[in-house]
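Working notes, structure below.
As the structure lists them, so they are numbered: ligands from 1, and atoms in each ligand from 1. Worth knowing before you read on, the calculation uses all heavy atoms, side chains too, and leaves out hydrogens, waters and symmetry mates. Values in this document were obtained by computation on a predicted structure and should not be read as measured data.
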Amino acid sequence: MQMMQRSVVGQRPVAGSRRSLVVANVAEVTRPAVSTNGKHRAGVPEGTPIVTPQDLPSRPRRNRRSESFRASVREVNVSPANFILPIFIHEESDKNVPIPSMPGINRLAFGKNVIDYVSEARSYGVNQVVVFPKTPDHLKTCTAEEAFNKNGLSQRTIRLLKDTFPDLEVYTDVALDPYNSDGHDGIVSDAGVILNDETIEYLCRQAVSQAEAGADVVSPSDMMDGRVGAIRRALDREGFTNVSIMSYTAKYASAYYGPFRDALASAPKPGQAHRRIPPNKKTYQMDPANYREAIREAKADEAEGADIMMVKPGMPYLDVVRLLRETSPLPVAVYHVSGEYAMLKAAAERGWLNEKDAVLEAMTCFRRAGADLILTYYGIEASKWLAAEK
Ligand code: PBG
């Protein structure tokens, strides 16, 4: 009899008046497409096949049936509290300078414009920034001493931000490339070798100068070996035991950094007759093909005292985010880099993607992959969209 109550292809179930009354009280989505008289219910298109409901113990779609239900079982959420906003600073004029390959992003003029931008971010709940200075060419040298100038643009920006917003979390970038006339993250020998231990000496001075200016978190992005431990010791020696290190643990030699290097004019420079300058960063940044190597970097960073580990770039490297999440108990950050921003902006400008949906999806996927923190140029826009959804 039970079989007869169900619709069967080519067979008419028994018309049970009591059953159809019950069915009429059930929410639309829980009803099968066929009513007990073997015909489609109103609203089901003619031509829909008449079938026996499958005998399924598990129907995952039940948990997706309404926005309330979906929200209640959602595994991760995105909040402005997860964002770290990168800011580019310059002082060639008192005007912001748009970055053509990053529509909507400016090099901010040192001073009021920086304060205004960060105030806006804070009004949407973004209370963490990472500072990237554009160094004028005449201050760049092949040993990059400007990196640890106590009154350098980076150090002054940190001071300005901490004086204005004492509770703002200020992150810095520790690497020589914005100050290096050769455009590399380390000192380049005439033979074209990026010197490891010599570079670290200057990275330590740079990190200490940033801590003296008030930085909360210093972020070595250079991929030299042993820099996290050396920076930790240098900070502690100077009394900065409470300054954190966010290490770029798995930073890949990626094509996606192009727009950032436009923003800071920091790309590797052409070599000269007597000096070979490598055209790329492949002898220190990681090979995009490598996964296991990220475990090696993570173990070293953890042992050397990193507080946060970062993966960079973001969207093409979610497997590495997941790897670090499972390899270490440390917080994991992901950098949604300039090229990823540029791709989304370009598609949105052409009307090829719904920008808001695509961006919030990307942020959600970072969180699902295991990232706690997200560095993104969309920090303010995404936070506006999140606020509007509430
Ligand atoms: C500098 C640095 C880079 C980025 C962050 N820090 C550029 C590079 O390694 O060449 C890239 C950020 C981005 O593309 O958004 N070491």
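Across Glu340, Lys251, Lys281, heavy-atom proximity to atom 2 (C) of ligand 1 is greatest for Lys251.
Contact annotation for Val337 and ligand 1: heavy atoms of both the backbone and the side chain come within less than 4.0 Å of the ligand. Counting heavy atoms closer than 4.0 Å to ligand 1, residue Tyr341 contributes nothing at all. Residue-level proximity to ligand 1 for Ser338 is carried by backbone and side chain together, each with a heavy atom below 4.0 angstrom.
Atom 4 (C) of ligand 1 has its closest protein heavy atom at Lys312 NZ, 2.5 Å. Ranking protein heavy atoms by distance to atom 1 (C) of ligand 1, first place goes to Asp177 OD2, 2.9 Å.
Numbered from 1 in the order shown, with element, the atoms of ligand 1 that lie under 4.0 Å from a heavy atom of Gln285 read 8 (C), 9 (O). Residue Tyr377 has at least one heavy-atom neighbour below 4.0 Å for each of these atoms of ligand 1: 12 (C), 13 (C), 15 (O). Against a heavy-atom cut-off of under 4.0 Å, Tyr335 is close to the following atoms of ligand 1: 12 (C), 15 (O).
Under the 4.5 angstrom side-chain criterion for Ile, Leu, Val, Met, Phe, Trp and Tyr, the cluster partners of Val73 are Phe69.
Note: Phe260 and Phe132 meet the aromatic proximity criterion, with ring centroids under 6.0 Å apart. For Tyr335 and Tyr257, the ring centers sit 6.0 Å or farther from each other.
When each of Lys269, Arg275, Lys140 is checked for a salt bridge (Lys or Arg N to Asp or Glu O under 4.0 Å) with Asp182, only Arg275 meets the rule.
Heavy atoms of Asp185 come nearer than 4.0 angstrom to ligand 1 in at least one pair.
Residues Glu146 and Thr135 bring no donor and acceptor atom of their side chains to less than 3.5 Å of each other.
Relative to the ring axis of Tyr378, Lys345 does not place its NZ or CZ within 45° and under 6.0 Å from the centre.
Judged as a side chain to side chain contact (heavy atoms under 4.5 Å, CB included), and not counting sequence neighbours, the contacts of Lys112 are Asp116.
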